[in-house]
Asks: 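This is the structure I want to talk about, given as structure tokens.
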Amino acid sequence: MKIVSTIKEVRQEVANWRKEGLSVGFVPTMGYLHEGHQSLIKRAVEENDRVVVSVFVNPMQFGPTEDLDSYPRDLEADAKLCEATGAALIFHPEPEEMYTDGFCSFVDMNGLTKELCGKSRPIHFRGVCTVVSKLFHIVTPDRAYFGQKDAQQLAVIKRMVTDLNIPVEIIGCPIIREADGLAKSSRNTYLNPRERQAALILSKSIFMGRKLVEEGERSAAALIKAMTDLIETEPLAKIDYVEVVDFSTIEKTDTIQGETLVAIAVYIGKTRLIDNFIVTVS
Ligand code: PAF
């Protein structure tokens with residue numbers, strides 16, 4: 001496995017693979033990789049001849065008061081995990097490589113980004129769409145893999161490649177959880193032991209919500225109330241949102257019908273965590 005830091009090197013590697021007729025899978029990440037990322041890389045390795053993993057903490061998707069500086073980084077551990085999982089190349093650029101002097105072009109979206117994380121993180125998805133479209137142009141993968149944990153991001157990226165005719169297949173992969181239910185996230189490392197315990201309220205409310213839907217609940221308001229009431233039993237939890245939306249449009253829905261995303265964002269102390277489930281109801 002190689003680690004490269006320039007766009008030129010990535011293009012050269014991919015061009016060599018293409019000459020041999022090999023397919024390319026891509027897993028974009030911000031590093032500090034855990035089993036959630038590993039499951040994406042594993043799937044990409046199964047479905048492609050070569051796999052590229054990008055490790056880039058993208059400054060453009062962080063708001064001014066967010067955790068860009070403290071976001072955890074460990075390239076050595078990331079490289080070990082990528083190599084052990086079968087990736088062929090890590091692309092680890094400096095911000096200056098991605099955003100050269102005078103950079104002023106962005107990819108933005110009018111729909112899908114107004115609700116959920118878009119409300120409390122107004123510039124986030126512009127940063128995500130811009131960097132992911134740049135990465136797609138650099139890596140030119142056949143398939144790209146995204147976790148369902150960032151369900152709104154997955155919906156946004158699917159919309160972006162459709163709207164902009166980017167020739168890549170977007171593959172959503174299931175949420176990977178700790179044994180006690182907490183969804184894996186690089187941000188879990190911010191939690192102290194008391195907060196780590198309190199964070200379980202997210203997955204508990206997700207599991208309870210999913211059960212209610214399986215038992216026949218179809219009212220978004222009733223579901224939101226039940227999940228909110230449960231989260232509020234945890235003194236360290238402060239709700240950012242508990243929402244029910246159509247998964248493809250990320251617009252609020254009153255009734256659980258079709259492919260529906262039930263998503264939550266909750267602060268545990270200073271750490272903002274997200275979780276969700278998707279149900280298809282005919
Ligand atoms: O999900 C992430 O880690 C990031 O948003 C992504 C897709 C790598 C873009 O920076």
Side-chain angles (χ1 to χ4, degrees), residues 5 7 10 25-41 43-44 51-63 66-75 77-78 81-82 87 89-99 103 106-109 112-113 116-118 120-139 141 143-161 164 166 168-176 183-190 250 261 263 265 271-276:
S5 60
I7 294 166
V10 178
F26 178 44
V27 183
T29 82
M30 297 207 299
Y32 215 71
L33 305 180
H34 49 66
E35 288 93 328
H37 300 107
Q38 192 170 28
S39 71
L40 306 181
I41 301 169
R43 172 112 184 246
V51 170
V52 180
V53 179
S54 63
V55 174
F56 178 58
V57 182
N58 173 35
M60 197 188 282
Q61 69 189 69
F62 287 79
E66 292 182 355
D67 56 344
L68 172 62
D69 292 337
S70 57
Y71 197 84
R73 292 157 168 91
D74 187 346
L75 184 63
D78 291 347
L81 181 143
C82 287
L89 185 73
I90 291 182
F91 176 41
H92 177 57
E94 291 299 324
E96 299 72 40
E97 177 71 6
M98 293 297 281
Y99 303 115
F103 186 93
F106 301 90
V107 179
D108 208 349
M109 206 172 269
L112 280 85
T113 59
L116 310 184
C117 294
S120 51
R121 308 187 72 190
I123 58 131
H124 176 68
F125 287 110
R126 183 172 93 148
V128 170
C129 287
T130 302
V131 81
V132 171
S133 59
K134 279 170 69 67
L135 289 165
F136 283 168
H137 285 114
I138 295 163
V139 178
R143 295 173 199 88
Y145 298 78
F146 292 83
Q148 190 205 298
K149 163 132 179 309
D150 295 299
Q152 187 175 17
Q153 171 171 278
L154 175 59
V156 161
I157 299 295
K158 279 186 178 169
R159 186 76 244 173
M160 180 184 79
V161 301
L164 301 183
I166 305 179
V168 55
E169 188 186 346
I170 302 301
I171 296 172
C173 301
I175 296 176
I176 304 294
K184 299 244 182 201
S185 164
S186 306
R187 291 191 168 98
N188 291 348
T189 53
Y190 298 152
I250 313 289
L261 166 66
T271 306
R272 185 174 173 282
L273 300 174
I274 56 175
D275 204 342
N276 68 75

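Everything quoted here is computed from the prediction, not taken from an experiment. If you read the sequence from its start, that first residue is 1, and numbering goes on from there. As the structure lists them, so they are numbered: ligands from 1, and atoms in each ligand from 1. What you see below is based on every heavy atom in this structure, not just the backbone, and it leaves out hydrogens, waters and symmetry mates.
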Asks: Indicate yes or no: at least one non-hydrogen side-chain atom of Val51 is less than 4.5 angstrom from one of Tyr145.
Replies: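 Sidechains of Tyr145 and Val51: no contact.
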Asks: Heavy-atom distance under 4.5 Å between the side chains of Phe56 and Glu97, does that happen here?
Replies: no
Asks: Report, in ascending order of atom number, the atoms of ligand 1 lying under 4.0 Å from any heavy atom of Gln153.
Replies: 1 (O), 2 (C), 4 (C), 5 (O), 7 (C)
Asks: Determine whether more than 12 heavy atoms belonging to other residues, nucleotides or ligands lie under 6.0 Å from atom OH of Tyr32.
Replies: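 Result for OH/Tyr32: open.
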Asks: Quick one: which ligand 1 atoms are inside 4.0 Å of a heavy atom on Val131?
Replies: 9 (C), 10 (O)
Asks: Quick one about Tyr99 and Asn58 (side-chain donor to acceptor, distance below 3.5 Å, no hydrogens or angles considered), yes or no?
Replies: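 A donor-acceptor contact under 3.5 Å links the two side chains.
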Asks: If you count the atoms of ligand 1 from 1 in the order shown, which ones are under 4.0 Å from a heavy atom of Thr29?
Replies: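 Close to Thr29: 8 (C).
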Asks: Does any part of the side chain of Asp69, heavy atoms only, come nearer than 4.5 Å to the side chain of Phe62, both counted from C-beta?
Replies: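 Result no, sub-4.5 Å side-chain heavy-atom pair not found.
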Asks: Specify the protein heavy atom at minimum distance from atom 3 (O) of ligand 1: its residue, its atom name, and the distance to 0.1 Å.
Replies: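 Heavy-atom neighbour on the protein nearest atom 3 (O) of ligand 1: Met30 CG, 3.5 Å.
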Asks: Within the 4.0 Å heavy-atom shell around Gln61, which atoms of ligand 1 are there?
Replies: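 With Gln61 as reference, the close atoms of ligand 1 come out as 4 (C), 5 (O), 9 (C), 10 (O).
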